[in-house]
Each structure stands twice: as structure tokens, then as C-alpha cells.
Number of protein chains: 2
Amino acid sequence: MDKQLATSLFESLASGIRLDVFRLLVKHAPAGLVAGEIAALLALPPTNLSFHLKAMTHAGLLNVTQEGRYQRYRANLKVMQALIDYLTAECCSGHTEHCFDAKPVKTCCDTN
Amino acid sequence: MDKQLATSLFESLASGIRLDVFRLLVKHAPAGLVAGEIAALLALPPTNLSFHLKAMTHAGLLNVTQEGRYQRYRANLKVMQALIDYLTAECCSGHTEHCFDAKPVKTCCDTN
DNA sequence: TCGATATTTCAATAATTGTTGTATAGTTGA
DNA sequence: TCAACTATACAACAATTATTGAAATATCGA
């Protein structure tokens, strides 16, 4: 994870629409959703959704596969994990004592 | 951490300059740096830096305290931790099995 | 093949964000 | 008080990003 990838991922998440899309696809992992379903669920004009899907796919946040005339989108959870790791490293780097006194860090999924 | 806060934090991190500022301030935690030091270290015109510092402070990513004629900026590590938790929840929600097969999750600071 | 469907591309425009220089406000030390 | 210094506010402009409708591409079912 280099700085350039990190910034483009943050850019991908820095819009309400794109964050909604990503969360929706996480909720529907691993099956994913086709573009029309996303548009219907989020009540977005297809053109606009396509614009954001393209951006997110280009950034690597989503994967897309063709299914006949449908395009199925899936959240790229590995990239998200890498981003969390990057952020964690940024947050901690050399300063564990200041970052995590108050609140013991839990592992990622231990609340599920 | 609601969606609106999350998006404004991502927006704050979605620029090379702002990401550099944040990483610099994490490196200099907990002392922080005054605006002029940041400008010098990152070779930025003061006006432009001020623009970005204001945005980051407004988003809650930085804290600022006045020291005479200097403004001292510090990384808000608690907010960063909250953002990591949010992202982790988004990433995992109901899908731990798909998100973290390959790579066992480590606690945030165990590599330091 | 043909009409209906799904999605994207393109072009036009609107809206937002980033950068720079100049001016201003506040602080310091003499 | 005054000159030097730190930083921000403001205004102008540049650049990027978001949104929309119309047209194009490709697939499907009959």
C-alpha cells in the first residue's frame, strides 16, 4: 500500500454515494449485486451510479464481472483490509503508547 | 462515528498534502508541530498549508492549540482509531469468513 | 431477426475544491 | 510603542469532480 493508492482509496470513500455503494456491497458479500440492483436500492440515476462504480472499480475498491447483459459488482475486501492495515500503521507508527492507552485494541472481528 | 463524519475524514485523507501532514504529525506525536514547521518540512506555501490545516481541523483529524503567536497542531489519534474501527466494522459486517480467511488479524500495535 | 433490457460512453454543464498573492490580525521582544 | 514575525482571511482564478440526458453497445427472450 503506497501513498498514491491510499489517497485514491480515501477519495473513493470520501463521497456519500460511494460509501453507500461500498457498504451495500459489503452487506451483500460475497454474492455482490448487479448495477441495476444497486441503482434501485440507492435510488440513483444509472448514469451517475455508473460514474461512481467506474471510479471505485478503477481505484480497486470494487471488482466487476460480466454476467450476460448484467455487470455484477463486489466489494474488494482484501483491499479494504490492506487499507485498514495502512491506516493502523500510520496511526501507530512509533506511538503505541499515545494511540492506544485508553482503549485496548480488539482484533478486527471479535465482536461478531 | 456516523456516515457524515466518516466521509469528511476520508475527504481529509484523500489528498497527498493532507495525508503528508497527518503522517508528519503522527510521527511527531504527542508534541505536535507549529504551522511554520510543517510548512518548512513539507515545503508548502503557508497560505496553502493553512487551507489544508483548517480543513483537517474542522474535520476533527487535527487538534490545534495556540502558543503565543504560534499555532501548534497535533494528530487526533482517537479520531483515527475511531475511523479504523468504523472501517473495520464496514469491512467485516456479517462477513468475517470472507474478509479474513487468508490473513489472521493482528491487533493494532503488535508489530511495534 | 426484432424489440426490450442493462449498462456504459459521451458531451454539456453545474458544483466543488485547490492554489496563489495580498492584506489583516495578533504576538513578541526591545 | 514599534518593527519583526506567525499565521490566517480574503479574493481571484485554475483545476477537478459530480450530475444529467441522449446516444451507443451488447445481450436476452420470443
Side-chain angles (χ1 to χ4, degrees), chain A residues 3-25 28 31-76, chain B residues 3-25 28 31-76:
Chain A
K3 187 179 109 182
Q4 199 175 343
L5 175 55
T7 51
S8 69
L9 290 174
F10 289 134
E11 213 171 289
S12 271
L13 297 167
S15 130
I17 289 181
R18 291 191 296 265
L19 190 53
D20 283 342
V21 169
F22 185 77
R23 295 198 300 173
L24 187 64
L25 288 174
H28 287 82
L33 293 170
V34 300
E37 292 172 329
I38 301 171
L41 286 167
L42 299 181
L44 291 170
T47 343
N48 190 18
L49 177 62
S50 186
F51 170 83
H52 289 294
L53 288 175
K54 186 182 174 185
M56 296 173 78
T57 304
H58 184 254
L61 207 54
L62 304 183
N63 296 122
V64 58
T65 56
Q66 184 148 9
E67 286 184 5
R69 60 182 142 173
Y70 301 92
Q71 298 283 112
R72 179 167 296 273
Y73 287 89
R74 294 183 177 84
N76 187 340
Chain B
K3 188 180 111 183
Q4 200 174 342
L5 175 56
T7 51
S8 68
L9 290 174
F10 289 134
E11 214 172 287
S12 271
L13 296 168
S15 129
I17 288 181
R18 292 192 295 266
L19 191 53
D20 283 343
V21 169
F22 186 77
R23 296 197 301 174
L24 187 63
L25 288 174
H28 287 83
L33 293 171
V34 300
E37 293 172 329
I38 301 171
L41 286 166
L42 298 181
L44 291 170
T47 340
N48 190 19
L49 177 62
S50 186
F51 169 83
H52 290 295
L53 288 174
K54 186 182 174 185
M56 297 172 79
T57 304
H58 184 254
L61 208 53
L62 303 183
N63 296 122
V64 59
T65 55
Q66 183 148 10
E67 286 184 5
R69 60 181 139 173
Y70 302 91
Q71 298 283 112
R72 179 168 296 272
Y73 287 89
R74 292 183 178 84
N76 187 341

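In what follows, every chain begins at residue 1, and chains take the letters A, B, ... in the order their sequences are listed.
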Rounded to whole angstrom units, what separation is found between the [atom1] atom of [X] and the [atom2] atom of [N]?
X: B:Leu44; N: C:dT19; atom1: CG; atom2: C1'; value: 11 Å
X: B:Leu42; N: D:dA7; atom1: CG; atom2: P; value: 14 Å
X: B:Glu67; N: D:dT8; atom1: CD; atom2: C1'; value: 17 Å
X: B:His58; N: C:dT17; atom1: NE2; atom2: P; value: 12 Å
X: A:Asn48; N: D:dA22; atom1: CG; atom2: P; value: 16 Å

Does a side-chain N or O from A:His52 land closer than 4.0 Å to OP1 or OP2 of D:dT19, or not?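 For D:dT19, OP1/OP2 do have a side-chain N/O of A:His52 under 4.0 Å.
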
Is there side-chain contact between [X] and [Y], with at least one heavy-atom pair below 4.5 Å?
X: B:Phe22; Y: B:Leu62; value: yes
X: A:Leu61; Y: A:Asn76; value: no
X: A:Leu24; Y: A:Leu42; value: yes

Applying side-chain contact (heavy atoms from CB on, under 4.5 Å) between B:Arg23 and each of B:Leu25, B:Asp20, B:Val21, report the one that passes.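 When side-chain contact (heavy atoms from CB on, under 4.5 Å) is applied between B:Arg23 and each of B:Leu25, B:Asp20, B:Val21, only B:Asp20 qualifies.
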
Can you tell me if CD on A:Gln66 sees more than 12 non-hydrogen neighbours from other groups inside 6.0 Å?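 Atom CD in A:Gln66 is crowded, with more than 12 foreign heavy atoms closer than 6.0 Å.
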
Strictly below 4.0 Å, heavy-atom distances to any atom of DNA chain C: list the hits from residues 7-21 of chain B, or just say none.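 Heavy-atom cutoff 4.0 Å gives B:Glu11, B:Ile17, B:Arg18.
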
Could you tell me which non-hydrogen atom of B:Glu11 sits nearest to which non-hydrogen atom of B:Arg18, and how far apart they are?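 Looking at all heavy atoms of both residues, the closest pair is O-NH2, 2.8 Å.
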
Residues B:Leu53, B:Ile38; criterion side chain to side chain contact (heavy atoms under 4.5 Å, CB included); working and verdict: CA-CA 10 Å; B:Leu53 288 174; B:Ile38 301 171; 4.2 Å; yes

Interface polar pairs with nucleotides 6-9 of chain C, N/O, under 3.5 angstrom:
from: C:dT7; atom 1: OP1; to: A:Ala35; atom 2: N; distance (Å): 3.2
from: C:dT7; atom 1: OP1; to: A:Gly36; atom 2: N; distance (Å): 3.4
from: C:dT7; atom 1: OP2; to: A:Gly36; atom 2: N; distance (Å): 2.6
from: C:dT8; atom 1: OP1; to: A:Tyr73; atom 2: OH; distance (Å): 2.3
from: C:dT8; atom 1: OP2; to: A:Ser50; atom 2: OG; distance (Å): 3.1
from: C:dT8; atom 1: O5'; to: A:Ser50; atom 2: OG; distance (Å): 3.4

About how many Å separate CZ of A:Phe51 and CD1 of A:Ile17, when rounded to the nearest 0.5 Å?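 So the gap between those two atoms works out to 9.5 Å.
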
